[in-house]
Student: 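After the structure tokens below, expect a handful of questions from me.
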Protein chains: 2
Amino acid sequence: MNLLFKALNDQTRRDILEMLREQDMTAGDIADKFDMTKPSISHHLSLLKQANLVVDIRKGQFIYYSLNTTVIDDIVKWFLKFNSNPTENENNQDS
Amino acid sequence: MNLLFKALNDQTRRDILEMLREQDMTAGDIADKFDMTKPSISHHLSLLKQANLVVDIRKGQFIYYSLNTTVIDDIVKWFLKFNSNPTENENNQDS
DNA sequence: TAGATATTTAGACAAATTTCTAAATATTAT
DNA sequence: ATAATATTTAGAAATTTGTCTAAATATCTA
């Protein structure tokens, strides 16, 4: 969970995920969409990869990045815990 | 979204959320659960509050913290985008 | 009012993060 | 082989973050 939340804690990386939702892209094409150097984007892609949010496949000179949505399922599960009452709780302090 | 992901990007803060899922707690009681000073916990609570993930209510000397689950709905919605194929326009948000 | 308790605010500092430039690696084409 | 293109790695600088201690604020009680 740590790497996952860390990867998501950056607007550029979230933007990359949203772009990859539309279609797979090469590292260079991704970098072209941002006002940022290629090494910086490469670093962001590395963090997304560490979190297993994306997968990369080399095709010749190019490296294609694509979403891995199975991790999304895990994180959604983590959040859904908070929407179900743990012990049917109205054990709250009311005035 | 920025404050939200920022708030979630810390194990201590995620632990606090999980504790508040069970029951509302005072700042002091929360701090007692961690090997960390009260000012540090107070800072974490401040970030959770900025993200609107928790709400605080003073009762006398004590300040009670409790979860705000409406924000969870928003973030889950953000994630569920990634589980529906954009080009084929399939909507699987019901669950 | 004074003292005790609960909590936050302020300021400092080390560690982590983001970004850059320069250089390295991998592949393709001439 | 050499050059060109695509991408990553390395190292450095600026910023942000997490934590601490000390001090401030708020409330309760004797």
Side-chain angles (χ1 to χ4, degrees), chain A residues 1-20 23-68 71 75 92-95, chain B residues 1-20 23-68 71 75:
Chain A
M1 274 306 190
N2 235 318
L3 284 176
L4 207 39
F5 281 112
K6 175 174 163 174
L8 291 164
N9 186 31
D10 183 276
Q11 187 59 58
T12 299
R13 292 194 289 271
R14 292 196 298 272
D15 288 346
I16 291 173
L17 291 179
E18 302 228 30
M19 287 170 45
L20 293 179
Q23 60 180 340
D24 297 353
M25 296 174 76
T26 68
D29 285 346
I30 294 169
D32 288 344
K33 299 280 189 180
F34 295 90
D35 185 17
M36 197 179 291
T37 64
K38 283 176 202 297
S40 295
I41 294 294
S42 182
H43 174 245
H44 285 307
L45 289 170
S46 168
L47 290 178
L48 289 171
K49 212 164 68 174
Q50 285 173 52
N52 207 24
L53 280 162
V54 303
V55 168
D56 65 333
I57 298 172
R58 177 178 281 274
K59 283 184 184 153
Q61 292 170 290
F62 300 90
I63 298 180
Y64 280 85
Y65 281 86
S66 56
L67 268 188
N68 174 24
V71 187
I75 205 163
N92 292 347
Q93 276 71 17
D94 292 333
S95 27
Chain B
M1 273 303 185
N2 236 318
L3 284 176
L4 206 40
F5 281 112
K6 174 174 165 175
L8 290 164
N9 186 31
D10 182 276
Q11 188 59 58
T12 300
R13 291 194 289 269
R14 292 195 298 272
D15 287 346
I16 290 173
L17 291 178
E18 303 229 29
M19 288 170 42
L20 292 180
Q23 59 178 350
D24 298 351
M25 294 174 76
T26 68
D29 285 347
I30 294 169
D32 288 344
K33 299 280 190 179
F34 295 90
D35 186 16
M36 194 178 293
T37 64
K38 284 175 203 296
S40 296
I41 294 295
S42 182
H43 174 244
H44 285 308
L45 289 171
S46 167
L47 290 177
L48 289 171
K49 212 164 68 174
Q50 285 172 52
N52 206 25
L53 279 162
V54 302
V55 167
D56 66 333
I57 299 172
R58 177 178 281 276
K59 283 181 185 155
Q61 292 170 292
F62 301 91
I63 298 180
Y64 281 85
Y65 281 85
S66 56
L67 267 188
N68 174 24
V71 186
I75 205 163

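Numbered from 1 within each chain, the chains take letters A, B, ... in sequence-line order.
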Student: Expressed as a whole number of angstroms, how long is the span from A/I63:CD1 to D/dT5:P?
Tutor: 18 Å
Student: Which distance, rounded to the nearest 0.5 Å, do you find between the CG of B/L17 and the OG1 of B/T12?
Tutor: 11.0 Å
Student: With a 4.5 Å cut-off on side-chain heavy atoms, are B/F5 and B/I75 touching?
Tutor: yes
Student: Atom CD1 of B/I57 to atom C1' of D/dA26: distance rounded to whole Å?
Tutor: 17 Å
Student: To the nearest Å, give me how far apart CZ (A/R58) and P (D/dT5) are.
Tutor: 16 Å
Student: Measure from CG on A/N9 to C1' on D/dG18 and round the result to the nearest Å.
Tutor: 13 Å
Student: Using a 4.0 Å cut-off on heavy atoms, which residues in residues 44-52 of chain A reach DNA chain D? List them by number, or say none.
Tutor: none
Student: Angle between the two end axes of the helix from C/dT1-D/dA30 to C/dT30-D/dA1, five base pairs per end, rounded to 10 degrees?
Tutor: 10°
Student: Name every donor-acceptor pair, under 3.5 Å, that has one atom in a side chain of residues 30-37 of chain B and the other anywhere in the protein, sequence neighbours excluded.
Tutor:
| residue | atom | partner | partner atom | Å |
| --- | --- | --- | --- | --- |
| B/T37 | OG1 | B/S40 | N | 3.4 |
| B/T37 | OG1 | B/S40 | OG | 3.0 |

Student: Tell me, do A/N2 and B/R14 make a side-chain contact under 4.5 Å, heavy atoms counted?
Tutor: yes
Student: What residues from residues 25-42 of chain A pass a heavy-atom cutoff of under 4.0 Å to DNA chain D?
Tutor: A/T26, A/A27, A/G28, A/K38, A/P39, A/S42
Student: Under 4.0 Å from any heavy atom of chain B: name the first and the last nucleotide of DNA chain C that qualifies, 5' to 3'.
Tutor: C/dT5 to C/dT9
Student: Choosing from D/dA4, D/dT17, D/dT19, which nucleotide comes nearest the side chain of A/Q61?
Tutor: D/dA4
Student: Which pairs would a plain distance check flag for residues 43-57 of chain A, meaning a side-chain donor or acceptor within less than 3.5 Å of a matching protein atom at least two apart in sequence or in another chain?
Tutor:
| residue | atom | partner | partner atom | Å |
| --- | --- | --- | --- | --- |
| A/H44 | ND1 | A/R13 | NH1 | 3.0 |
| A/S46 | OG | A/Q50 | NE2 | 3.3 |
| A/K49 | NZ | A/D56 | OD2 | 3.0 |

